[in-house]
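For reference, the structure discussed in these notes is given below.
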Amino acid sequence: MDIKGRIHSVETMGTVDGPGIRYVIFMQGCPLRCIYCHNRDSWDPRGGREITVDELVEDINKYLVFIKGSGGGVTATGGEPLMQPEFVRELFIKVRAMGLNTAVDTSGFIDIDRAEKLLEVTDLVLLSIKHVVEERHREITGVGTRKIISFLNYLREIGKPVWIRYLIIPGYTDDPEDLNRLALMLRDYDNIELVDILPYHDMGAYKWEELGYDYPLKGVAVPTKQDMERAKAVFRRYGLPMG
Ligand code: SF4
């Protein structure tokens, strides 16, 4: 049976969501409510458009030469790709048969038994950690950290390669003490191949306004080069593999 999924959009020649050139699929639906969300229009699981695995595979095929030649693959992001695990799994099985690498870009807010089978056919997990402090994580995303930490522990248990992503939002996620706490925690995970510290940007703000919502971070400045260097230095001090 050709399973159907709901997607927000695709990007055919991505270069930042895993190794090589990537075909990136933005899945529709997300259980988080990040106050800086750059894809505000991806939250509603009934939104987006329906597509079959075969339709996606057909489109991926058009770019196969470039993707394969670069050692790249397919990344399912969102929204939250782990909200549609059966669909992404079927897709990844076919994508792997084409000789491509598979990656999910997730917040990790998922019950492990829902993700297990998908992870069997996933080569790399890009895990976006939003904050290390429980209350602050709730303020920023609307949910707590327990499930996310359990997910990261599970990835270590099964030896799944992970790239961590952490966004620096001045006044929200850049407290040096919190950064130290996160870096210390991450040091315990030998399956983490890369820690990417990224600057917050407000390029998704217009989407909130288009949908009739106030953008919660209106007026918050993007981090300076020095802010970024300061944050990265903390993770380097702990010997973490940095991008
Ligand atoms: S996890 Fe991603 S898509 Fe979901 S609300 Fe947060 S930033 Fe938006």
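Read the numbers this way: they start at 1 and go in the same order the structure lists the ligands and their atoms.
- Ligand 1 has at least one atom lying under 4.0 Å from a heavy atom of Trp43.
- Side chains of Thr145 and Glu134: a donor-acceptor N/O pair is present below 3.5 angstrom, by distance only.
- The protein heavy atom nearest to atom 3 (S) of ligand 1 is Gly79 N, 3.4 Å.
- The closest side-chain donor-acceptor pair between Asp227 and Thr224 falls under 3.5 angstrom.
- The closest donor-acceptor contact from the side chain of Arg89 to the backbone of Lys117 lies under 3.5 Å.
- Taking 4.0 Å as the cut-off between side-chain N and carboxylate O, Lys207 and Asp41 count as a salt-bridged pair.
- For Leu32, the closest heavy-atom approach to ligand 1 falls below 4.0 Å.
- Residue-level proximity to ligand 1 for His38 is carried by the side chain, the only part with a heavy atom below 4.0 angstrom.
- Nearest protein heavy-atom contact of atom 8 (Fe) of ligand 1 is Cys37 SG, 2.3 Å.
- The shortest distance between side-chain heavy atoms of Arg156 and Asp188 falls below 4.5 Å.
- Lys130 NZ, 4.1 Å is the protein heavy atom nearest to atom 2 (Fe) of ligand 1.
- Remark: distances from the non-hydrogen atoms of Arg40 to ligand 1 are all 4.0 Å or more.
- Taking backbone and side-chain atoms together, Cys34 has an N/O/S atom less than 2.8 Å away from atom 6 (Fe) of ligand 1.
- Between Tyr215 and Trp208, the two ring planes are perpendicular [angle over 60°; tilted spans 30° to 60°].
- Atom 4 (Fe) of ligand 1 has Cys30 SG, 2.3 Å as its closest protein atom, hydrogens excluded (heavy atom only).
- Judged purely by atom type and a 3.5 angstrom limit, Asp175 uses its side chain to pair as donor or acceptor with the backbone of Asp178.
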